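Encoded as structure tokens, the structure appears first; notes follow it.
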Amino acid sequence: MNKINLQMKAQAQEGRAEKYWFENNATGLEKTLFHRITIPLTPFHSGLKYESQPVETEIVIEWLNLHLVDPDDLDNLQISSQEYEDLEASIYVGSAHNACEVIKLHFQRKEGNNYQVKGEIRIDFESEGVAQNEVFSFQTIIYYQKNEEP
């Protein structure tokens, strides 16, 4: 099976974090505040012949129920899939949404609504038959968009 080697081919660009409310009466989920983090990657060549090159994609982490005292303050926040079991993370490569495990994601306030984020994710390319699984480490700036619907 091929290896994408994402660590050598792509870098995390500036991303964004946002919060949103969601409820689902059919499942009994009351109105709950969630966070979503989106981190685009620089375009790269995946090496997959069936995919248009260069690939433009992003890491998406969503359904984060952070239970923060102040949901507008992400300073020193640490996220992992083990701690937040309901989060969903993925990256679209090889014409498939590849699930990711968030090994660690650490936020540190830079200024205003900007945070320096250091992260590491394990990408499950094998489940979709895309390539070998791999770990991707990155550092980037995340802009936190604080407004949300009431």
Side-chain angles (χ1 to χ4, degrees), residues 3-24 27 29-46 48 51-52 54-128 130-150:
K3 183 167 183 172
I4 302 294
N5 203 5
L6 194 61
Q7 192 69 57
M8 300 300 290
K9 295 179 179 180
Q11 296 173 343
Q13 297 180 305
E14 291 187 8
R16 72 180 184 284
E18 58 192 330
K19 58 186 177 179
Y20 59 98
W21 290 95
F22 184 80
E23 68 180 312
N24 186 334
T27 63
L29 177 65
E30 295 180 9
K31 194 172 191 177
T32 304
L33 183 63
F34 292 99
H35 286 75
R36 176 185 302 116
I37 302 162
T38 306
I39 304 167
L41 301 182
T42 55
F44 65 95
H45 290 269
S46 67
L48 301 171
E51 183 171 49
S52 297
V55 173
E56 294 184 21
T57 191
E58 58 193 9
I59 300 165
V60 178
I61 303 166
E62 55 190 342
W63 303 111
L64 275 165
N65 187 351
L66 296 175
H67 303 290
L68 297 173
V69 173
D70 180 357
D72 286 334
D73 185 10
L74 304 181
D75 195 30
N76 290 317
L77 176 65
Q78 297 209 43
I79 296 170
S80 71
S81 292
Q82 287 185 351
E83 186 174 346
Y84 297 96
E85 295 175 358
D86 291 334
L87 77 77
E88 292 181 14
S90 66
I91 182 170
Y92 193 79
V93 176
S95 301
H97 282 281
N98 302 280
C100 300
E101 173 192 356
V102 177
I103 298 168
K104 64 179 175 180
L105 204 60
H106 180 256
F107 285 73
Q108 185 174 7
R109 185 184 308 279
K110 293 287 284 178
E111 60 180 83
N113 294 338
N114 291 321
Y115 293 84
Q116 178 176 315
V117 175
K118 294 180 183 178
E120 187 174 25
I121 62 171
R122 181 174 292 112
I123 306 167
D124 182 2
F125 287 127
E126 292 176 9
S127 289
E128 297 293 334
V130 172
Q132 294 176 22
N133 294 344
E134 58 187 83
V135 173
F136 181 67
S137 300
F138 59 91
Q139 182 173 320
T140 191
I141 300 295
I142 298 288
Y143 171 75
Y144 185 34
Q145 184 177 330
K146 294 183 181 180
N147 60 335
E148 87 284 348
E149 294 179 24

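Owing to the predicted nature of the structure, the values given are computational and were not obtained by experimental measurement. Each residue takes its place number in the sequence, starting with 1.
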Considering all heavy atoms, the nearest [X]-[Y] contact:
| X | Y | value |
| --- | --- | --- |
| Thr42 | Ala10 | OG1-CA, 3.5 Å |
| Leu41 | Ala12 | CD2-CA, 3.8 Å |
| Leu105 | Gly119 | CD1-CA, 3.8 Å |
| Ser127 | Asp124 | OG-OD2, 2.5 Å |
| Glu30 | Thr32 | O-OG1, 2.7 Å |
| Phe44 | Lys9 | CB-O, 3.4 Å |

Just do the side-chain contact (heavy atoms from CB on, under 4.5 Å) check on Tyr115 and Leu77 with the steps written out, would you? CA-CA 10 Å; Tyr115 293 84; Leu77 176 65; over 6 Å; no

Sorted by first residue and then second, give each salt bridge (charged side-chain N to carboxylate O under 4.0 Å, His left out) pair with at least one member in residues 90-104; sequence neighbours left out. Glu101-Arg122

Would you say that [X] contacts [Y] through its side chain, given a criterion of any heavy-atom pair below 4.5 Å between the two side chains?
| X | Y | answer |
| --- | --- | --- |
| Ser81 | Leu87 | yes |
| Ile37 | Ile79 | yes |
| Gln145 | Asn113 | no |
| Asn98 | Asn133 | no |
| Glu126 | Gln132 | yes |
| Ile91 | Leu6 | yes |
| Glu51 | Val93 | yes |
| Lys19 | Asp72 | yes |

Inspect the surroundings of [atom1] in [X] and state if more than 12 heavy atoms from other residues, nucleotides or ligands are less than 6.0 Å away.
| X | atom1 | answer |
| --- | --- | --- |
| Gln11 | CD | no |
| Lys118 | NZ | no |
| Asn76 | CG | yes |

How far apart are the C-alpha atoms of Tyr84 and Leu64, what are their side-chain angles, what is the distance that settles it, and do they pass the side-chain contact (heavy atoms from CB on, under 4.5 Å) test? CA-CA 7 Å; Tyr84 297 96; Leu64 275 165; 4.1 Å; yes

The test is side-chain contact (heavy atoms from CB on, under 4.5 Å); show your working for Asn65 and Phe22 and say whether it passes. CA-CA 11 Å; Asn65 187 351; Phe22 184 80; over 6 Å; no

Any donor-acceptor N/O pair, [X] side chain to [Y] backbone, under 3.5 Å:
| X | Y | value |
| --- | --- | --- |
| Thr140 | Gln13 | yes |
| Gln108 | Gln116 | no |
| Ser46 | Ile4 | no |
| Tyr144 | Leu74 | no |

Could you grab the distance from atom [atom1] of [X] to atom [atom2] of [Y], nearest 0.5 Å is fine?
| X | Y | atom1 | atom2 | value |
| --- | --- | --- | --- | --- |
| Ser52 | His45 | OG | NE2 | 11.5 Å |
| Asp75 | Arg109 | CG | CZ | 5.0 Å |
| Phe136 | Ile121 | CZ | CD1 | 7.0 Å |
| Gln7 | Glu134 | CD | CD | 8.5 Å |
| Leu48 | Ser95 | CG | OG | 8.5 Å |
| Glu18 | Glu62 | CD | CD | 9.5 Å |

Before giving the answer on side-chain contact (heavy atoms from CB on, under 4.5 Å), spell out for Tyr143 and Glu14 the whole-Å C-alpha distance, their side-chain angles and the decisive distance to 0.1 Å. CA-CA 8 Å; Tyr143 171 75; Glu14 291 187 8; over 6 Å; no

